[in-house]
Amino acid sequence: MAAVNTVEILVQTAVSGLLWGFIFALISVGLTVIFGVMDIVNFAHGDFLMVSMYGAFVLYSFWGLDPLLSLPLVVAFMFGVGVLTYRLLISRVLDAPMLAQIFATFGLLVFLRGAAHLIFHADYQSIKNPILSGSFELFGVTMSVPQVVAAVGAMVITGLVYWFIMKTETGWALQAVAEDKEAASLMGIDSEWMYSLAWGLGSACVAIAGVLLSNFYYIFPEVGVMFGLIAYVAVALGGFGSVTGALVAGVIIGVAEVLGGFLIGPEYKYVIVFLIYLAVVVLRPKGLMGKA
Amino acid sequence: MLHEVEVLRRFAPPRLGRFVVPALLLLLILFPFVVNAAFYVHLMILVFLFAYLGQAWNILGGYTGQVSLGHAVFLGLGAYTSTLLFEWYGVSPWIGMIAGGLVAMAFGLIIGLPTFRLQGHYFAIATIAVGESVLALFNSWDLVGGASGIYRTIVPESWWAMQFHSSKDPYYFIALGLVVTIFTVTRLIERSRLGYYFRAIKEDPDAAKSLGIDTTRYKLYSMMISAFFTGLAGTLYVQYLLFIDPEMVFLLMLSIQICLVPVLGGVGTLWGPAVGAAILIPISEFTRGYLGGSAAGLDLVVYGALIMLVAAYKPAGIMGLLRKAS
């Protein structure tokens with residue numbers, strides 16, 4: 001009886017890890033799209049997630065708009081934030097040393113986090129009784145509805161982004177700019193527009209993750225810290241710029257974090273994630289799927 | 001050999017007038033006797049601490065070009081080492097300071113060996129991963145106080161115990177001593193073969209290799225020097241606050257602040273960390289003091305906007321600005 005219980009708990013834990021993994025994957029895909037096109041890590045990525053969650057929260061508290069309905073609004077808004085970030089800030093440090101690039105987005109992180117403290121204070125907020133709530137049982141495994149929807153949504157969006165980059169003309173243009181900016185511009189591709197698009201797209205991805213997350217996760221100014229860190233690790237683990245790499249790494253991290261937390265102790269779950277990252281990049285310095 | 005010397009000369013540091021240094025030092029020594037306000041002495045101690053930490057980071061991140069975003073780990077290891085030596089065995093923090101530096105240096109060696117193969121962002125994120133792991137481990141390590149930390153045993157003030165309760169001045173002079181030490185060391189490195197090698201590795205690792213420089217070995221030297229000195233400051237930090245917990249010494253935000261100092265002042269320059277700390281720390285303390293109370297978060301908004309402005313408009317830092325003017 002005890003053995004059956006352990007197996008059940010393990011399966012339950014693994015499923016939960018898998019669900020988290022897909023959400024991590026979507027957050028990481030947003031980051032890797034930007035990096036893949038222009039070699040810049042957005043250190044404010046986790047805080048874009050935080051802003052999206054507050055966006056859903058504000059629309060819910062003031063106009064009673066359920067996250068499902070506010071999703072397109074927040075995503076459109078964050079697309080704009082991404083484009084603006086590129087136009088006003090990133091375009092100025094494109095050719096600057098890596099440190100200047102790091103600090104440009106790091107300044108944005110501090111700014112956004114400060115703004116969140118200023119406007120919403122340090123309190124934990126949550127969206128009460130969203131349309132997506134409750135849980136169901138499948139093959140004896142209990143799953144929360146909003147979490148499953150978030151995971152499925154993340155999976156679908158990740159697939160769409162992959163399709164967009166690999167199969168559409170605009171996607172090819174993005175790849176061309178990533179490969180060789182000058183050559184691409186000779187072919188008539190506007191690199192400024194492509195860079196803006198990459199930032200818009202990357203921010204829209206994280207916005208979708210944020211709104212889906214707001215259905216079942218607490219909202220507070222520092223909510224992006226851990227998600228952001230996990231996304232950096234996932235992107236580096238998968239190989240900077242690789243969408244499939246980010247997907248695989250996101251899922252690996254989700255499962256490793258939840259299973260490791262269960263087997264070894266919840267206080268070590270992030271340590272496990274970071275150790276996996278270190279082990280992988282030491283063996284493969286460009287990540288699992290990065291180009292050597 | 002002549003060829004090597006000529007090529008290396010390209011990496012020579014720019015010269016800066018040296019008349020101001022003794023005058024500045026004299027002013028700093030007189031400062032606590034002239035200014036009696038405890039707040040300003042406190043502010044200067046913080047400026048010294050961050051100028052020192054920024055310079056220690058600068059050796060690895062600025063001169064050698066290996067961007068570490070996890071330097072708080074070395075500070076924390078140094079602080080914990082001397083704290084535990086004092087609390088468990090009654091060892092003087094002065095000895096603990098050296099021991100803490102050595103522990104940090106050993107740890108730097110351990111993480112440098114596997115991670116120096118990584119480039120750019122992969123290395124930077126690896127240092128974040130190391131920092132966050134150490135934070136999590138110390139948070140759950142009950143033997144060293146876990147997440148609640150260690151309140152230091154208060155003993156009567158003495159230089160031996162490095163505890164002073166009646167005045168902040170002794171801490172001021174210890175901090176000043178550390179600053180003088182690190183600037184002297186950096187200056188010596190700048191002018192030595194080691195400094196040329198470091199800059200060669202930063203500017204062009206392949207060219208450095210082709211000159212016969214063992215780049216991994218010299219990156220490790222740079223890491224060990226940087227980690228050792230960062231570790232030393234941990235003792236001052238914990239003796240000054242007489243308390244330590246993991247969130248205080250291992251936070252990513254602290255690591256970022258440590259490298260923000262030279263970035264603002266000018267990376268890879270001798271005076272960059274001093275200029276950076278002299279500007280950044282008062283701004284951060286005053287915004288926190290004036291803006292933090294009534295509207296928490298406003299200080300961060302101002303601080304963040306400032307960082308973005310410097311990064312976007314003056315990526316070479318304030319020193320770059322000065323050099324262009326001269």
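The figures here come from the full heavy-atom set of this structure, side chains too, leaving out hydrogens, waters and symmetry mates. We name chains A, B, ... by the order of the sequence lines, and we start the count at 1 in each one.
Proximity to chain B (any heavy atom under 4.5 Å) is shown, for A:Leu88, by neither the backbone nor the side chain. A:Leu278 touches chain B through its side chain: at least one heavy atom from C-beta onward sits under 4.5 Å away, while N, CA, C and O do not. Heavy-atom distances place no part of A:Phe120 under 4.5 Å from chain B, backbone and side chain included. Residue A:Tyr268 touches chain B through its side chain alone, counting heavy-atom pairs closer than 4.5 Å. Within the 4.5 angstrom heavy-atom criterion, no atom of A:Ile90 approaches chain B.
Although no hydrogens or angles enter the test, the distance criterion places a donor-acceptor pair under 3.5 Å between the side chain of A:Gln175 and the main chain of A:Ile165. Within the 3.5 Å criterion, the main-chain N or O of B:Leu300 finds no donor-acceptor partner in the side chain of A:Arg113. With hydrogens and angles ignored, the 3.5 Å screen pairs no side-chain donor or acceptor of A:Gln125 with any backbone N or O of A:Phe57. Between the side chain of B:Ser226 and the main chain of B:Ser222, no donor-acceptor pair closer than 3.5 Å is present. The main-chain N or O of A:Gly241 is found under 3.5 Å from a side-chain atom of A:Thr32 such that the two form a donor-acceptor pair. A donor-acceptor contact shorter than 3.5 Å is absent between the side chain of A:Asp47 and the backbone of A:Gly224.
Of all residues spanning residues 66-75 of chain B, those with a heavy atom less than 4.5 Å away from chain A's heavy atoms are B:Val67, B:Leu69, arranged by number. Close approach to chain A, defined as a heavy atom under 4.5 Å from one of its heavy atoms, is seen in B:Ala124, B:Ile125, B:Ala126, B:Ile128, B:Ala129, B:Val130, B:Glu132, B:Ser133 of residues 123-133 of chain B, taken by number.
In this structure the side chain of B:Gln257 reaches within 4.5 angstrom of the side chain of B:Tyr303, judged on heavy atoms. You'll find the side chain of A:Phe240 stays beyond 4.5 Å of the side chain of A:Tyr232, heavy atoms only. In this structure the side chain of A:Tyr217 never reaches within 4.5 angstrom of the side chain of A:Ser126, judged on heavy atoms.
Most heavy-atom pairs under 4.5 Å with chain B: of the set A:Gly107, A:Pro221, A:Ala116, A:Gly265, this distinction falls to A:Gly107.
Considering CD1 of B:Ile59 and CE of B:Met223, their distance stands at 12.5 Å, rounded to 0.5 Å.
Taking the centre and axis of the six-membered ring of B:Tyr196, the NZ or CZ atom of B:Arg199 falls inside the cone set by 45° and 6.0 Å.
Remark: B:Gln119 CD is loosely packed, at most 12 non-hydrogen atoms of other residues, nucleotides or ligands lying under 6.0 Å away.
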